[in-house]
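The block underneath contains the structure these notes are about, expressed in structure tokens.
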Amino acid sequence: MESNAKERIWQIVHQIPKGNVASYGQIANLAGLPGYARYVGHVLKNLPAGSKLPWHRVVNSKGAISFAVGTSEYLRQKARLEQEGIVFIDGRFSMARYRWNQDEA
DNA sequence: CATTTGACTTGTG
DNA sequence: CCACAAGCCAAAT
């Protein structure tokens with residue numbers, strides 16, 4: 001049984017520890033798909049309903065949520081991250097501090 | 001099949 | 001730090 005890029009991305013995202021986050025480019029790189037940052041976004045957008053994938057732990061390289069501020073998706077992601085101990089400051093957080101270090105996984 | 005779009009990244013000014 | 005451009009790839013139109 002071979003793994004599709006989509007499934008690999010799901011696995012990577014699912015492995016992000018609580019209280020940590022990862023960027024799209026990082027996810028793509030870990031999945032063995034360098035340069036597929038946007039593809040990761042497409043996959044997360046097309047997530048099957050009921051998936052337990054912690055997509056909220058995936059953010060952009062700026063250390064901010066990729067959704068527009070005020071949208072329900074933005075608010076939901078922010079709330080979940082805060083619930084995991086991530087502190088938001090002015091709509092973003094310390095990426096260097098919360099960024100997932102795959103060596104720990 | 002060509003063009004546009006998008007939950008992106010990195011570099012330059 | 002902000003604005004703009006180029007690079008990147010897949011899916012939608």
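All of these numbers come straight from a predicted model, not from anything done at the bench. Every chain is numbered from 1, with letters handed out A, B, ... down the list of sequences.
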N/O contacts under 3.5 Å, protein versus nucleotides 11-13 of chain B?
none

Are Arg57(A) and Gln77(A) side-chain neighbours, meaning at least one heavy-atom pair lies under 4.5 Å? no
Under 4.5 Å between any side-chain heavy atoms of Asn20(A) and Ile86(A), yes or no? no
Which residue in the set Leu47(A), Leu30(A), Leu53(A), Val43(A) passes side-chain contact (heavy atoms from CB on, under 4.5 Å) when paired with Val13(A)? Leu53(A)
Interface polar pairs with nucleotides 8-13 of chain C, N/O, under 3.5 angstrom:
from    : atom 1 : to       : atom 2 : distance (Å)
dA10(C) : OP1    : Tyr36(A) : OH     : 3.2

Grab the CG-P distance between Asn60(A) and dG6(B) for me, whole Å please. 16 Å
Measuring only the C1' atom in each nucleotide, how far is dT13(C) from dC1(B)? A whole number of Å is fine. 12 Å
With heavy-atom distances below 4.5 Å as the criterion, would you say the side chains of Gln11(A) and Arg8(A) are in contact? no
Rounded at 0.5 Å granularity, tell me how far CG in Leu44(A) sits from CH2 in Trp10(A). 10.5 Å
Arg99(A) (side chain) donor-acceptor with Ala22(A) (main chain) under 3.5 angstrom: no
Is Glu82(A) paired with Lys78(A) through a side-chain N to carboxylate O contact shorter than 4.0 Å? yes
Residues in residues 62-99 of chain A with a heavy atom under 4.0 Å of DNA chain B, by number, are Ser66(A), Phe67(A)
With a 4.5 Å limit on heavy-atom distance, are the side chains of Val58(A) and Val21(A) in contact? no
Would you tell me if any nitrogen or oxygen in the side chain of Ser23(A) comes within less than 4.0 Å of OP1 or OP2 on dC8(B)? no
Side chains of Ser72(A) and Leu75(A): closer than 4.5 Å at any heavy-atom pair? no
Quick one: does Ile9(A)'s side chain get under 4.5 Å of Tyr36(A)'s, heavy atoms only? no
